[in-house]
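These notes concern the structure reproduced below.
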Number of protein chains: 2
Amino acid sequence: MPDRDTKGAVRNITDLARLAGVSPGTVSRALAGKSLVNAKTREKIEAIAREHGFRPNQMASGLRRQKTGVIGVVIPLGHDTRQQISDSFFMTLLGFLADELTREGYDLMLRRVVPETDPDWLDRFIGSGMIDGVIVIGQSDQFDRIEDIADGYGPMVVWGNHTEGQLHCVVGTDNRLGGRQAAERLIAAGAKQLAFLGDTTAIEFAARFAGANDVVRRMGLPSMIELPTHLSPERAGEEIADHLVAHGDDIDGIFAATDTLAALALTALRERGVAVPGDIRLVGFDDLPIARQTVPPLTTVRQDIAAGARGLVDLLLRRLAGDKTESLVLPPELVIRETA
Amino acid sequence: MPDRDTKGAVRNITDLARLAGVSPGTVSRALAGKSLVNAKTREKIEAIAREHGFRPNQMASGLRRQKTGVIGVVIPLGHDTRQQISDSFFMTLLGFLADELTREGYDLMLRRVVPETDPDWLDRFIGSGMIDGVIVIGQSDQFDRIEDIADGYGPMVVWGNHTEGQLHCVVGTDNRLGGRQAAERLIAAGAKQLAFLGDTTAIEFAARFAGANDVVRRMGLPSMIELPTHLSPERAGEEIADHLVAHGDDIDGIFAATDTLAALALTALRERGVAVPGDIRLVGFDDLPIARQTVPPLTTVRQDIAAGARGLVDLLLRRLAGDKTESLVLPPELVIRETA
DNA sequence: CGGAATCTTGCAATCGTTTGCAATTGACCA
DNA sequence: TGGTCAATTGCAAACGATTGCAAGATTCCG
């Protein structure tokens, strides 16, 4: 009889227990590395487990322990559905997040949602019982909904902009300061009439714009011209060209909400024969890899993506442990290259 | 007594059943939308569920039904650990995958693994019991291990290169054909001595190289010069510069394994004062967004990433349903811009 | 009005693992 | 030898949802 059993596949802890001649409970303890089981028993169990390639079922384990070992990462596609596909910033952040979470022994469950068509996107994710905590990448235009949730749910950390007095724990660059740095640089490079390229309904972008505005006002310069633009490269290209037709001669400095937009602007400017930084100065945001490769290379405001990911995971783990954590605001860094 | 209950949170199907005055089984059926329950009963149950924001626990459901509704997506970081962070190709593919899987009602569990330090990365993922199927993004140098698994595990689809007679189901561009197209274009643009920029230990890149070689041999041209390069921008930049010092004067056409590498090469060439395409012609691969934005814009071989993602998900679902599916090879498309 | 057929519902086992509690074993000491 | 104590192990009840089976309730027809 034992012979027959040896041939059968080991599908659960009970099968394995039978093979090892112990009870399921002991197998569970052995595989979990608890100190209660005898060394020899453990070795035997581990040997059989290895031989049969057995791994305890995470679903069952999760159900019993009431924790899954999975962190949810959700990307709300708020004001601009195709945004994140084109924007390598979020994807890079996601890569670092995956690394950090793995290092901490967590798995990552990724979900992209369209809040407009799915109003309770966040409740659904949290309520599924599949995740121990959630990281929201980008507030987009969902600030209020996130605030609502934060009221009753602890293990959530958000990447985005910090607003005075907000409830939810956020990690992000000081966008307003970054905006100031950008404007200061543009002005130092000789610009007098600035424009902001990007859609300010996204709260992060609004803060960058506000920062730049601070400087413009302080310096007594004419107020900035807003050039709202979608983030998908196809649409943005045209929109930028249109903006330049309308305002190209009035402005001598552009602050782009994103390096991606800045790169597109650079192309559009070249096509119109506008010299950068001679006629128009240009500053981007993010310091993505592309910023080094444009011609001329882009002056930009750097966000430390790796540090951001580390911060997100770190705070989330502390919240998982019951801490009540503060938000983390990272300093932006002006990187001067050749466009301003 | 009912009054007290009304106030308590509804944490499971049993609580809800008590509130609704029915049995847990009925609640389960109602929430699952089965036709067996009376319309009025269902409405009542749904109303209470909505009121309390109750959602059935996915872990428990998964355990009982023996399926999780989660698809694993794993990125092996094989020959070049930092690869995928810089390479937006994989990240874009991931974005489309997330969309497709969501549309089919599946969640996506993402895992990045380093096979060198974690030999049974694939077994572990599959054996965890957390996923119904797995999509492997990129064979890297793990072809053999993937073959091993495919022998006994059905619901797996791999993005990568198709090799004659292989076991595992793969979706990918015809890299060899793409390589041919690239070489033909370089030669048509006047190149006589070609070089291949990239690391051919990755099987996909090896196929691109082989395709280009086909053409070179057929035309009776001198054989290609290999310029092995890592994919991370920091290292690649230097390596490319070194290559150009060593071979820059001998070659008049470069086929880069990736647009990312091509863009770096373009920068390096400009720095040396080499005219493109005047002195050296250049063709990339992928047609990433960056290909439009280099100066001059990049001639490249386009991979249809969206179609790839659709194919991966489609095949996986069919395999989940028990089909034995064939691999899917997508046609590459030469996009002629200005570098060749 | 009786009986068969059709709807709804409840019951209880099941998925695979974990863990508090109790029982067994052996060691050790007086 | 008896008794105490620690080290191991087994037992069985959870975790929360699903589902085959059977019972109860309705309907329908002649």
Side-chain angles (χ1 to χ4, degrees), chain A residues 5 8-46 48-49 52-70 107 124 126-132, chain B residues 8-46 48-49 52-70 105 107 124 126-132:
Chain A
D5 283 342
V10 177
R11 0 196 89 279
N12 55 35
I13 230 172
T14 311
D15 291 351
L16 181 45
R18 198 168 341 111
L19 284 189
V22 296
S23 78
T26 304
V27 173
S28 172
R29 284 185 270 250
L31 261 30
K34 309 236 177 182
S35 56
L36 298 89
V37 330
N38 180 293
K40 272 182 301 187
T41 316
R42 149 172 299 116
E43 277 168 31
K44 183 172 177 184
I45 292 174
E46 280 171 349
I48 302 182
H52 290 265
F54 172 78
R55 301 175 205 292
N57 182 305
Q58 300 257 69
M59 288 270 148
S61 168
L63 177 58
R64 171 63 226 241
R65 308 214 330 260
Q66 295 293 82
K67 49 187 315 223
T68 63
V70 180
D107 266 313
R124 283 237 322 269
I126 292 171
S128 72
M130 288 280 275
I131 57 179
D132 291 341
Chain B
V10 178
R11 358 197 91 277
N12 56 35
I13 229 172
T14 311
D15 291 351
L16 181 45
R18 197 166 345 108
L19 284 189
V22 297
S23 79
T26 303
V27 173
S28 171
R29 284 184 272 250
L31 261 33
K34 308 237 178 184
S35 56
L36 298 89
V37 325
N38 181 293
K40 274 182 300 188
T41 317
R42 149 171 299 115
E43 276 168 32
K44 184 173 177 183
I45 292 173
E46 280 172 348
I48 302 182
H52 290 265
F54 172 78
R55 300 174 208 291
N57 183 306
Q58 301 257 72
M59 287 270 148
S61 167
L63 177 59
R64 171 62 224 241
R65 308 214 330 260
Q66 296 291 81
K67 49 187 315 224
T68 63
V70 179
D107 266 314
R124 283 237 323 270
I126 292 171
S128 71
M130 288 281 274
I131 57 179
D132 291 342

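In this text, all values refer to a predicted model and were calculated from it rather than measured experimentally. All chains are named by letter (A, B, ...) in the order of the sequence lines, taking the proteins before the strands, and each is independently numbered beginning at 1.
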Opening and closing nucleotides of DNA chain C in contact with chain B, under 4.0 Å to non-hydrogen atoms: C:dT8 to C:dG16
Pair A:Asp15-A:Phe54, side-chain contact (heavy atoms from CB on, under 4.5 Å): steps then yes or no: CA-CA 10 Å; A:Asp15 291 351; A:Phe54 172 78; over 6 Å; no
Sugar-phosphate, base or nothing in reach of A:Ser61, heavy atoms under 4.0 Å: sugar-phosphate
Rounded distance in Å - CG (A:Asp132) to P (D:dC15): 18 Å
Nearest-nucleotide comparison on DNA chain C, the residue closer to the 5′ end among A:Thr26 and B:Val37: B:Val37
Salt bridge (charged side-chain N to carboxylate O under 4.0 Å, His left out) against A:Arg29, all qualifying residues, sequence neighbours excluded: none
Distance, rounded to the nearest Å, where B:Arg18 contributes CZ and D:dG16 contributes C1': 14 Å
Working for side-chain contact (heavy atoms from CB on, under 4.5 Å), residues B:Leu31 and B:Leu16: CA-CA 11 Å; B:Leu31 261 33; B:Leu16 181 45; 4.2 Å; yes
Axis deviation across the helix from C:dC1-D:dG30 to C:dA30-D:dT1, five-pair ends, to the nearest 10°: 50°
A:Leu19/A:His52 under side-chain contact (heavy atoms from CB on, under 4.5 Å): CA gap, chis, key distance, verdict: CA-CA 11 Å; A:Leu19 284 189; A:His52 290 265; 3.7 Å; yes
Derivation and outcome, side-chain contact (heavy atoms from CB on, under 4.5 Å), residues B:Asn12 and B:Asn57: CA-CA 8 Å; B:Asn12 56 35; B:Asn57 183 306; over 6 Å; no
Sugar-phosphate only, base, or nothing, as touched by B:Val22 at under 4.0 Å among non-hydrogen atoms: sugar-phosphate
Spacing of CD1 belonging to B:Ile48 relative to NZ belonging to B:Lys44, to within rounding of 0.5 Å: 6.0 Å
Nearest-angstrom distance from the residue atom CG of B:Asp15 to C1' of D:dC15: 13 Å
Donor-acceptor contact present, side-chain A:Thr14 to main-chain A:Pro24, <3.5 Å: no
Atom-pair distance (CZ on B:Arg11; P on D:dA17), nearest Å: 11 Å
Atom-pair distance (CZ on B:Arg64; C1' on D:dT18), nearest Å: 5 Å
Rounded distance in Å - NZ (A:Lys44) to P (D:dT8): 16 Å
A:Arg124: salt bridge (charged side-chain N to carboxylate O under 4.0 Å, His left out) partners, not counting sequence neighbours: A:Asp118
Heavy-atom check, side chain of B:Val37 versus side chain of B:Ile45, under 4.5 Å: no
Any residue meeting salt bridge (charged side-chain N to carboxylate O under 4.0 Å, His left out) with B:Arg65, in chain and number order, not counting sequence neighbours: none
Between D:dA17 (C1') and B:Gln66 (CD): distance, integer Å: 12 Å
Every protein N/O within reach of nucleotides 20-25 of chain D N/O, cut-off under 3.5 Å:
residue, atom, partner, partner atom, Å
D:dG20, O6, B:Arg29, NH1, 3.3

B:Leu63 CG - D:dT19 C1' separation (whole Å): 14 Å
Spacing of CD1 belonging to A:Ile13 relative to OG1 belonging to A:Thr26, to within rounding of 0.5 Å: 10.0 Å
